[in-house]
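Worksheet for the structure shown next.
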Amino acid sequence: MIGFAVVGLGMGRARAKQIVETAGAELNMVVDLNPELAQKVGEEFGVPWTISLKEALGRAEVQVVMVMTPSGLHAKIGVEVARAGKHVITTKPMDVSTAACDQLIGACDEAGVKLAVDYQSRYVDNNYRVAEALRLGWLGQPILGEVRFKWFRSQDYFRHGTGWRGTWAMDGGGSLANQGSHLLDLLLWFMGDPVRVYAETAIMNHQIETEDLGMAILNFPSGAKGTILGTTTFPASQYFSAEVHGSGGGVLIDAVLEGRMRVFGEGLEEKLNNIANPLHSVIEDMVSALEKGTPLRVDGREGRRTVALLENLYASAKEGRAVACR
Ligand SMILES: NC(=O)c1ccc[n+]([C@@H]2O[C@H](COP(=O)([O-])OP(=O)(O)OC[C@H]3O[C@@H](n4cnc5c(N)ncnc54)[C@H](O)[C@@H]3O)[C@@H](O)[C@H]2O)c1
């Protein structure tokens, strides 16, 4: 059994539940600065709770800490976890800057602990099949990768808690960095890192610092193109999709988090369906990495790629021109 603690119990509550439900994983403690919330979640899952991360880090049975606090605190807390000799999982995005990601990667390397970033759509069967098919060249020469979502977020959503959402310091951006980071991660997984991007962002219908609408055009080293569109201004949360095609076939993933897809190309669907995905969550992934030494699907360096892309997109939007990716 691998022992876990969860820090930050908004979305972290759902992850605590997932730990309880995962074979080989055990939830040993939950942590939140808000004592009522920590107590409520602790009692719900029948585990000790605390407002002190140090207390969790002092427990020998806690081997992995899942960091589910506002994004701008992931690296700071992760570094503390790593220095205590515990393995780290951060939720997405890894943090709000590549500098912070690098600090966390360095601290985990130094402490000899594992670091994973929770991009849940990487564990969805069909998304994994598409990534494998692209890696194996089954779609031919890549032509276009496209990700887009139209969601609704109220002004109250941004007022929630300490008001961290929609801020540069704690959310690292707006619809692209927060809701969209799952899709940015998929696009990088499918297509690789772009060499040049052009982005526009805008605040259309919320009182926030960061964008509620973002759009971008990407150029990949292969010559393939990419597009991103993400907004939280639609009247309802509708599609969250990824589409990719090459000279030999195409896939439309209509719902990325569920992995609903349509496949186009001679015999491609059957070939895709024969690909087996061995892992279904970051928790299973970490348990397997610790027990069997398997590589993590999204380690720190892999998780950092989305943050680097965001920095390039925001630099382009700020400068009002296409930029070469750093
Ligand atoms: N994977 C997903 O689909 C998904 C979904 C939602 C949110 N997230 C990510 O989860 C993170 C949190 O988002 P949320 O919506 O749950 O936020 P939230 O504000 O609802 O919850 C964050 C919790 O962290 C606690 N907290 C803050 N600082 C802390 C500290 N230093 N120590 C202990 N607890 C602390 C707060 O009291 C709060 O309860 C963000 O990084 C977000 O991007 C991921």
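Whatever order the structure lists them in is the order used to number ligands and atoms, beginning at 1.
Those atoms of ligand 1 that come under 4.0 Å of a heavy atom in H160, given as number and element, are 18 (P), 19 (O), 20 (O). Counting the atoms of ligand 1 from 1 in the order shown, those under 4.0 Å from a heavy atom of S71 are 40 (C), 41 (O), 43 (O). Heavy-atom proximity to G10, at under 4.0 Å, picks out these atoms of ligand 1: 16 (O), 20 (O), 21 (O).
The aromatic rings of F240 and W151 lie parallel to each other, their planes meeting at an angle below 30°, with 60° marking the opposite boundary.
Looking at R165, M170, Q179, M68, it is R165 that brings a heavy atom closest to atom 14 (P) of ligand 1. Nearest to atom 44 (C) of ligand 1 by heavy atom, out of D171, T91, T50, is T91. Which of T69, L33, D32, V96 comes nearest to atom 36 (C) of ligand 1 through a heavy atom is settled by distance: it is D32. Distances from atom 16 (O) of ligand 1 to the heavy atoms of M11, H182, R13 put M11 nearest.
In the displayed structure, M1 atom CE is contacted under 6.0 Å by more than 12 heavy atoms of other residues, nucleotides or ligands.
Ligand 1 lies out of reach of Y119, whose nearest heavy atom is not under 4.0 Å from it.
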Show me, pair by pair, the donor-acceptor contacts under 3.5 angstrom made by side chains of residues 256-270, not counting sequence neighbours?
unit_1, atom_1, unit_2, atom_2, d
R262, NE, D254, OD2, 3.0
R262, NH2, D254, OD1, 3.0

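Polar contact check, N34 against ligand 1: no nitrogen or oxygen pair lies under 3.5 Å apart.
Between the S154 side chain and the Y157 main chain, a donor and an acceptor come within less than 3.5 Å of each other.
Seen from the ring of Y239, R148 counts as a face-on cation partner, given the 6.0 Å and 45° thresholds.
The residues R301 and D109 are annotated as salt-bridged, a charged nitrogen and a carboxylate oxygen being separated by less than 4.0 angstrom.
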